[in-house]
Amino acid sequence: MHSRFFQIFAITAVAAVNFEWDCTNSLGPCNNACYAVNHGLAPGTLTYDSDANNRGPRRTASGCNRTPCSNTGYGATGNSCDEFPFASVQEGGNGAILRCVDSTENSSEGGQLGNFYKTINNGDQFGIFVRNYGGAAFCQNAAMANDGSEFRLVNGNFQNAKRRRGGEDVGVFVDAQTRGAPMKLYEFEDQNGGKLLSLNPHIKGEDVIGTQIWNGSNMTTIVRMI
């Protein structure tokens, strides 16, 4: 299990807690999260809800409890429904972006999240950095259009997820083909040469570079933005 968590310590102040997500064994869920964020369909900061009783209703609202990976045309990429934002955060539920992934990938993601949640409290906000995301196409290429496997529940029916239009058309969704610039996700490098991708498109590089990161076992330092 590649479960890691960290907190960013700025020189002047402590920044928000962040979940470091190792995508090695959960490329499908990482891919789903990157698609949702870089197309403006999910926020870059999430709010932990420790009440497990709220997760089932959120999975029902998102459509995951309707087992779309076994009874729709979206099951080609896996047998388990992944949703982003997670059902364990206040932002999850209605409107979440879905992708069918292998059940082992969902288990890896869930295990890492569970370990991370042991370090924070109900209502805490957190960001996400992903590591080892090679092979997760939407993490590597923010401009990539929907591959036909990103979907959501709309008015009781599943349909391909669509990009949110910017500018004056906030709230208007267009076909998920490349139209204009998607939200850019920023890559960073630690002192060991490891790459981290922030799932917060609004993060400022100058706020991260030079900070020390605790990953649960040792301190690393972000040295540059890639």
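What you see below is based on every heavy atom in this structure, not just the backbone, and it leaves out hydrogens, waters and symmetry mates.
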Same cluster for V37 and F86 if Ile/Leu/Val/Met/Phe/Trp/Tyr side chains link at under 4.5 Å? yes
Run the disulfide bond (SG atoms under 2.5 Å apart) test on C23 and C139 for me, step by step, so that the C-alpha distance in whole Å, both residues' side-chain angles and the decisive distance to 0.1 Å come before the verdict. CA-CA 10 Å; C23 300; C139 298; 5.6 Å; no
Show, in sequence, the C-alpha distance, side-chain angles and deciding distance for C81 and C100, and conclude whether the disulfide bond (SG atoms under 2.5 Å apart) test is met. CA-CA 5 Å; C81 181; C100 294; 6.0 Å; no
Heavy-atom pair of closest approach, residues L98 and C64: CD2-SG, 3.9 Å
Would you check, one step at a time, whether the test side-chain contact (heavy atoms from CB on, under 4.5 Å) holds for N160 with E150? CA-CA 6 Å; N160 282 6; E150 296 290 331; over 6 Å; no
Can you tell me if S70 uses its side chain to pair, donor with acceptor, with the backbone of T67 under 3.5 Å? yes
N65 (side chain) donor-acceptor with G56 (main chain) under 3.5 angstrom: yes
Rounded to the nearest 0.5 Å, how far does OG of S62 lie from CZ of R152? 11.0 Å
Carboxylate-amine/guanidinium proximity below 4.0 Å for R224 and E189: yes
Any side-chain heavy-atom pair of E20 and R131 under 4.5 Å: yes
Is it true that a side-chain atom of D190 and a backbone atom of V223 form a donor plus acceptor pair closer than 3.5 Å? no
Can a side-chain donor-acceptor contact be found between D22 and N132 if the only test is distance below 3.5 angstrom? yes
For F129 versus F188, what's the shortest heavy-atom pair and its separation? CE2-CD1, 4.0 Å
In this structure, CZ of F151 is separated from CG of N146 (nearest 0.5 Å) by 10.5 Å
Might you point out which heavy atoms bring P85 and E91 nearest each other, and give the distance in Å? CG-O, 3.7 Å
Please report the closest heavy-atom contact between I97 and A161, naming both atoms and the distance. CD1-CB, 4.1 Å
The side-chain hydrogen bond (donor to acceptor under 3.5 Å, both in side chains) partners of D147 (sequence neighbours excluded) come to R99
Decide whether S198 and N200 meet the rule of one side-chain donor and one side-chain acceptor closer than 3.5 Å. no
For side-chain contact (heavy atoms from CB on, under 4.5 Å), just list the numbers for W21 and Q112, CA-CA rounded to whole Å, side-chain angles, deciding distance to a tenth of an Å, and then say yes or no. CA-CA 7 Å; W21 184 356; Q112 292 183 67; 3.8 Å; yes
What's the shortest heavy-atom distance between T47 and G123, and which atoms? CG2-O, 3.6 Å
Measure the CG-CD distance between D102 and E105 for me, rounded to the nearest 0.5 Å. 5.5 Å
Please step through side chain to side chain donor-acceptor pair (under 3.5 Å) for the pair Q125 and T45, ending with a clear verdict. CA-CA 6 Å; Q125 291 190 315; T45 301; over 6 Å; no
Which word best sums up how the rings of F138 and H39 line up, parallel for under 30°, tilted for 30 to 60°, or perpendicular for over 60°? perpendicular
Interatomic spacing from SG in C34 to CG in N141 - rounded to 0.5 Å: 11.0 Å
Let me check something: do V89 and F116 share a hydrophobic cluster, defined by ILVMFWY side-chain heavy atoms less than 4.5 Å apart, either directly or through other members? yes
Kindly indicate, with the supporting measurements, whether the criterion salt bridge (Lys or Arg N to Asp or Glu O under 4.0 Å) is fulfilled by R58 and D49. CA-CA 11 Å; R58 287 197 182 105; D49 181 1; 2.9 Å; yes
Looking at every heavy atom in both Q140 and G135, which two are closest together, and how far apart are they? OE1-N, 3.2 Å
L153 backbone acceptor or donor facing R66 side chain under 3.5 Å: no
What's the verdict on side-chain contact (heavy atoms from CB on, under 4.5 Å) for I226 and K195, showing C-alpha distance, side-chain angles and the deciding distance? CA-CA 9 Å; I226 301 173; K195 292 182 179 180; 3.7 Å; yes
Are L27 and V101 connected in the hydrophobic side-chain network, where two residues link if heavy atoms are under 4.5 Å apart? no
Is there a path of hydrophobic side-chain contacts, each under 4.5 Å between heavy atoms of I, L, V, M, F, W or Y residues, that connects L113 with Y133? yes
In Å, rounded to the nearest 0.5 Å, how long is the span from OG1 of T221 to CD1 of I209? 12.5 Å
Rounded to the nearest 0.5 Å, how far does CD1 of I128 lie from CG of N18? 9.0 Å
So F84 and Y35, ring-ring contact (aromatic ring centres under 6.0 Å, His included) or not? Walk me through it. CA-CA 9 Å; F84 191 87; Y35 178 87; over 10 Å; no
Report the relative orientation of the aromatic rings in Y48 and Y117; use parallel for angles under 30°, tilted for 30 to 60°, perpendicular for over 60°. parallel
Cluster overlap F19 with L185, hydrophobic side-chain contacts below 4.5 Å: yes
Candidate pair N106 and T104, rule side-chain contact (heavy atoms from CB on, under 4.5 Å), full reasoning: CA-CA 5 Å; N106 253 345; T104 60; over 6 Å; no
